[in-house]
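Just the heavy atoms: all of them, side chains too, but no hydrogens, waters or symmetry mates, feed the values below. Quantities reported herein were computed from a predicted structural model and do not represent experimental measurements.
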Amino acid sequence: QVQLVESGGGLVQAGGSLRLSCAASGGTFSTYGMNWFRQPPGKEREFVASISTSGEYTYYANSVKGRFTISRDNAKNTVYLQMNNLKPEDTAVYYCNAEVARARAPYWGRGTQVTVSP
């Protein structure tokens, strides 16, 4: 029902910035809470950030608080993750997740690779 496509990943040096995008289709984007997760190499997937349907409320993992900003543009069916002051430990595949009401399973994108070099 809902398709999510992440983009914007790449290779950056520590201290640099990237802006990830997640474009949604196949549903009513404005009714979905949206999340970013990431999976570092050799580790489990971990929570990064959440944003409410209107964008009024946001929540961040402690590891990214003050450096990352989640936002959304409901007119464009897109959620963003602005990542500043990147650290090598931010290296991971970043995934977009949609909280769709009454969905049988969570919706995930395929992910976008972020690599931060020292």
Side-chain angles (χ1 to χ4, degrees):
Q1 282 293 315
V2 180
Q3 294 81 45
L4 305 171
V5 180
E6 300 95 338
S7 62
L11 174 63
V12 298
Q13 289 186 319
S17 298
L18 283 173
R19 191 191 196 198
L20 306 183
S21 298
C22 174
S25 61
T28 307
F29 179 77
S30 61
T31 68
Y32 311 148
M34 298 295 296
N35 309 295
W36 285 98
F37 286 75
R38 68 187 183 187
Q39 186 167 14
K43 296 183 178 180
E44 296 289 321
R45 187 184 297 174
E46 64 185 24
F47 169 79
V48 176
S50 294
I51 189 165
S52 61
T53 56
S54 66
E56 184 177 7
Y57 305 106
T58 58
Y59 184 77
Y60 300 91
N62 288 334
S63 59
V64 306
K65 211 171 293 183
R67 299 188 298 119
F68 291 11
T69 303
I70 188 171
S71 62
R72 67 190 296 159
D73 187 339
N74 287 346
K76 296 181 179 179
N77 289 357
T78 302
V79 64
Y80 305 95
L81 185 68
Q82 178 67 46
M83 305 184 296
N84 298 326
N85 191 24
L86 283 161
K87 304 175 180 180
E89 53 261 44
D90 295 319
T91 295
V93 178
Y94 283 71
Y95 297 93
C96 179
N97 162 255
E99 298 174 0
V100 180
R102 291 144 66 189
R104 299 191 195 97
Y107 287 94
W108 298 91
R110 290 186 175 182
T112 185
Q113 176 70 49
V114 172
T115 303
V116 184
S117 64

Peer 1: Can you name the residues that form a side-chain hydrogen bond (donor to acceptor under 3.5 Å, both in side chains) with Q39, not counting sequence neighbours?
Peer 2: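 For Q39 there are no side-chain hydrogen bond (donor to acceptor under 3.5 Å, both in side chains) partners, ignoring immediate neighbours.
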Peer 1: Walk me through it: do T69 and R19 pass the test side-chain contact (heavy atoms from CB on, under 4.5 Å)?
Peer 2: CA-CA 9 Å; T69 303; R19 191 191 196 198; over 6 Å; no
Peer 1: Once salt bridge (charged side-chain N to carboxylate O under 4.0 Å, His left out) is applied, do any residues pair with E99, and if so which ones, sequence neighbours excluded?
Peer 2: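 Salt bridge (charged side-chain N to carboxylate O under 4.0 Å, His left out) check on E99 returns nothing, list empty.
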Peer 1: Using the side-chain contact (heavy atoms from CB on, under 4.5 Å) rule, take R72 and M34 through it: C-alpha gap first, then chi angles, then the decisive distance, then the call.
Peer 2: CA-CA 9 Å; R72 67 190 296 159; M34 298 295 296; 3.7 Å; yes
Peer 1: Just to verify, what does V116 make a side chain to side chain contact (heavy atoms under 4.5 Å, CB included) with, not counting sequence neighbours?
Peer 2: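 Expected list: V12, A14, L86, P88, D90, T91, V114.
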Peer 1: For S17, enumerate each residue passing the side chain to side chain contact (heavy atoms under 4.5 Å, CB included) test, keeping only those at least two apart in sequence or located in another chain.
Peer 2: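 Side chain to side chain contact (heavy atoms under 4.5 Å, CB included) check on S17 returns Q82, N84.
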Peer 1: Can you list everything that forms a side chain to side chain contact (heavy atoms under 4.5 Å, CB included) with S7? Sequence neighbours excluded, please.
Peer 2: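 S7 satisfies side chain to side chain contact (heavy atoms under 4.5 Å, CB included) with S21 once adjacent residues are dropped.
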Peer 1: Of all the heavy-atom pairs spanning S30 and T53, show the shortest one and how long it is.
Peer 2: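 Closest approach of S30 to T53: O-CB, 3.3 Å.
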Peer 1: Considering all heavy atoms of both residues, which atom of S63 and which atom of R67 are nearest to each other, and what is their separation?
Peer 2: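 Closest approach of S63 to R67: O-NH2, 2.8 Å.
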Peer 1: Working to the nearest 0.5 Å, report the span between CG of L81 and CZ of R38.
Peer 2: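 Reported to 0.5 Å precision, the distance equals 9.0 Å.
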Peer 1: How many angstroms lie between CH2 in W36 and CD in E46, if you round to the nearest 0.5 Å?
Peer 2: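 Here the interatomic distance stands at 14.5 Å.
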Peer 1: For T31 versus T28, what's the shortest heavy-atom pair and its separation?
Peer 2: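 Looks like OG1-O, 2.8 Å.
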Peer 1: Does Y57 reach the side chain of I51, with side-chain heavy atoms less than 4.5 Å apart?
Peer 2: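 No - every pair of side-chain heavy atoms lies 4.5 Å or more apart.
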Peer 1: Going by side-chain hydrogen bond (donor to acceptor under 3.5 Å, both in side chains), name the pairs with one or both residues in residues 109-118, residues two or more places apart or in two chains.
Peer 2: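 Passing the test, one end in residues 109-118: Q113-T115.
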Peer 1: Any side-chain donor paired with an acceptor under 3.5 Å for T78 and D73?
Peer 2: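 Side chains of T78 and D73: no pair found under 3.5 Å.
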Peer 1: Listing request: all ring-ring contact (aromatic ring centres under 6.0 Å, His included) pairs with a residue in residues 58-84, at least two apart in sequence or in separate chains.
Peer 2: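 Applying ring-ring contact (aromatic ring centres under 6.0 Å, His included) to every pair that reaches into residues 58-84, excluding sequence neighbours, yields F47-Y59.
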Peer 1: Taking side-chain hydrogen bond (donor to acceptor under 3.5 Å, both in side chains) as the test, write out the residues that go with K43, two or more places apart.
Peer 2: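 With neighbours one apart ignored, the set is empty.
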Peer 1: Could you give all pairs that pass the ring-ring contact (aromatic ring centres under 6.0 Å, His included) test and reach residues 9-35, with sequence neighbours left out?
Peer 2: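 Sorted pair list comes back empty.
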Peer 1: Please give me the minimum heavy-atom distance between L4 and A24, naming the atom from each residue.
Peer 2: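 Closest pair (atom of L4, atom of A24, distance): CD2-CB, 3.6 Å.
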Peer 1: Can you tell me if E89 has over 12 outside heavy atoms packed within less than 6.0 Å of its CD?
Peer 2: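 Count over threshold, so yes.
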Peer 1: So which pairs with a foot in residues 26-118 pass disulfide bond (SG atoms under 2.5 Å apart), sequence neighbours left out?
Peer 2: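 Qualifying pairs, neighbours excluded: C22-C96.
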Peer 1: Any salt bridge (Lys or Arg N to Asp or Glu O under 4.0 Å) pairs touching residues 49-59, not counting sequence neighbours?
Peer 2: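 Applying salt bridge (Lys or Arg N to Asp or Glu O under 4.0 Å) to every pair that reaches into residues 49-59, excluding sequence neighbours, yields nothing.
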Peer 1: Strictly by ring-ring contact (aromatic ring centres under 6.0 Å, His included), give each pair with a member in residues 88-118 just once, sequence neighbours left out.
Peer 2: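 Applying ring-ring contact (aromatic ring centres under 6.0 Å, His included) to every pair that reaches into residues 88-118, excluding sequence neighbours, yields F37-W108.
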Peer 1: Locate the shortest heavy-atom distance separating P106 from N97; write the atom from each residue and the value.
Peer 2: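 P106 and N97 have their closest heavy atoms at CB-ND2, 3.8 Å.
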Peer 1: Kindly compute the distance separating OG (S25) from CG (N77), expressed to the nearest 0.5 Å.
Peer 2: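 That separation rounds to 8.0 Å.
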Peer 1: Could you tell me which non-hydrogen atom of V64 sits nearest to which non-hydrogen atom of V48, and how far apart they are?
Peer 2: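 Nearest heavy atoms, V64 then V48: CG2-O, 3.6 Å.
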